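What you see is a predicted model; the values in this text were computed from it and never measured. Order of appearance sets the numbers: ligands from 1, and atoms from 1 within every ligand.
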Amino acid sequence: MALIAPSLLAADFLHLDAALRMVNDSQADWLHLDVMDGRFVPNISFGLPVIESLRKATSKPFDVHLMILEPEKYAEAFKKAGADILTVHIEACPHLHRNVQQIKSLGMKAGVALNPHTPIASLDNILGDMDLVCLMSVNPGFGGQSFIPGTINKIKQLRQMIDDRGLQVDIEIDGGVGEKNAAEIVAAGATVLVAGSSVFNAADPLAAVAQLKSL
Ligand code: DX5
Ligand code: ZN
């Protein structure tokens, strides 16, 4: 049974309080928060003040996905805003080991995200240092895109690498995840499913979360 992390990016931003009530009432394990800077990705979403306000509306862990350059400049601020898990992109971090240590020393779980073209082998020398690997199954920047099928092989490769080394590292899949492909994704070895449009655009979001959770 995977952890489910609805992505707020797909919510109606005019009614964030309603979105948070839905998440609280649901079986969601985490809330996934996508921060974009318009530089690392070609879109701008929301940032620190919004996350700080949301923190008052739920006790569910905040899984903050930073799609930004120079994340080290903001790690402490995201901790203060309420992040529990902080994920940075390997492509944005020339000193990834330092980023991971910084996040952990601030008392958060450290995640590392890989774009679709970035090979699993790039984690070879650092896998044991992180708590979570986020495999992007779409090109980051926008919700509502289609799952890239080649991600399934990447999940299997990463599962193998983690198990071979006896590590406890979560495998999170982000982008285009929904009831049609979630079973295959979990069978390949994923432990956390991010779901934006498949949850928030569903006729019954609570049922959509429950359905993903039941796999
Ligand atoms: C994309 C974001 C995702 C996005 C997923 O850059 O990282 O978290 O919200 O949205 P869906 O589930 O709609 O693909
Ligand atoms: Zn994300």
Under a 4.0 Å heavy-atom cut-off, which residues neighbour ligand 1?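 Under the 4.0 Å cut-off, ligand 1 touches Ser7, Leu9, His32, Asp34, Met36, His65, Met67, Met136, Pro140, Gly141, Phe142, Gly143, Gly144, Asp174, Gly175, Gly176, Val194, Ala195, Gly196, Ser197.
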Working to the nearest 0.5 angstrom, can you tell me the gap between [X] [atom1] and [Y] [atom2]?
X	Y	atom1	atom2	value
Ile51	Leu54	CD1	CG	7.0 Å
Leu123	Ile126	CG	CD1	8.0 Å
Trp30	Thr58	CH2	OG1	14.0 Å

Just say parallel, tilted or perpendicular for the rings of Phe13 and Phe46, cut-offs at 30° and 60°.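 Phe13 and Phe46: perpendicular rings.
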Gln160: partners by side-chain contact (heavy atoms from CB on, under 4.5 Å), with sequence neighbours left out: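 Partners of Gln160 by the side-chain contact (heavy atoms from CB on, under 4.5 Å) criterion, ordered by chain and then number, come out as Asp164.
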Would you list the protein N, O or S atoms within less than 2.8 Å of the Zn ion (ligand 2), leaving out water?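 The answer, once waters are left aside, is His32 NE2, Asp34 OD1, His65 ND1, Asp174 OD2.
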Any chance you could pull the hydrophobic cluster mates of Val138, using side-chain heavy atoms under 4.5 angstrom and chaining through other members?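 Members other than Val138 - counting any ILVMFWY side chain reachable under 4.5 Å - are Met136.
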Keeping Gln102 on the side-chain end and Glu72 on the backbone end, is there a donor-acceptor pair under 3.5 Å?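 Yes.
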Under 3.5 Å, is there a donor-acceptor pair between the side chain of Asp37 and the main chain of Arg39?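 Confirmed, Asp37 side chain pairs with Arg39 backbone.
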Does Lys109 NZ have over 12 foreign heavy atoms under 6.0 Å away?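 No, NZ of Lys109 has 12 or fewer neighbouring heavy atoms, counting only those of other groups under 6.0 Å.
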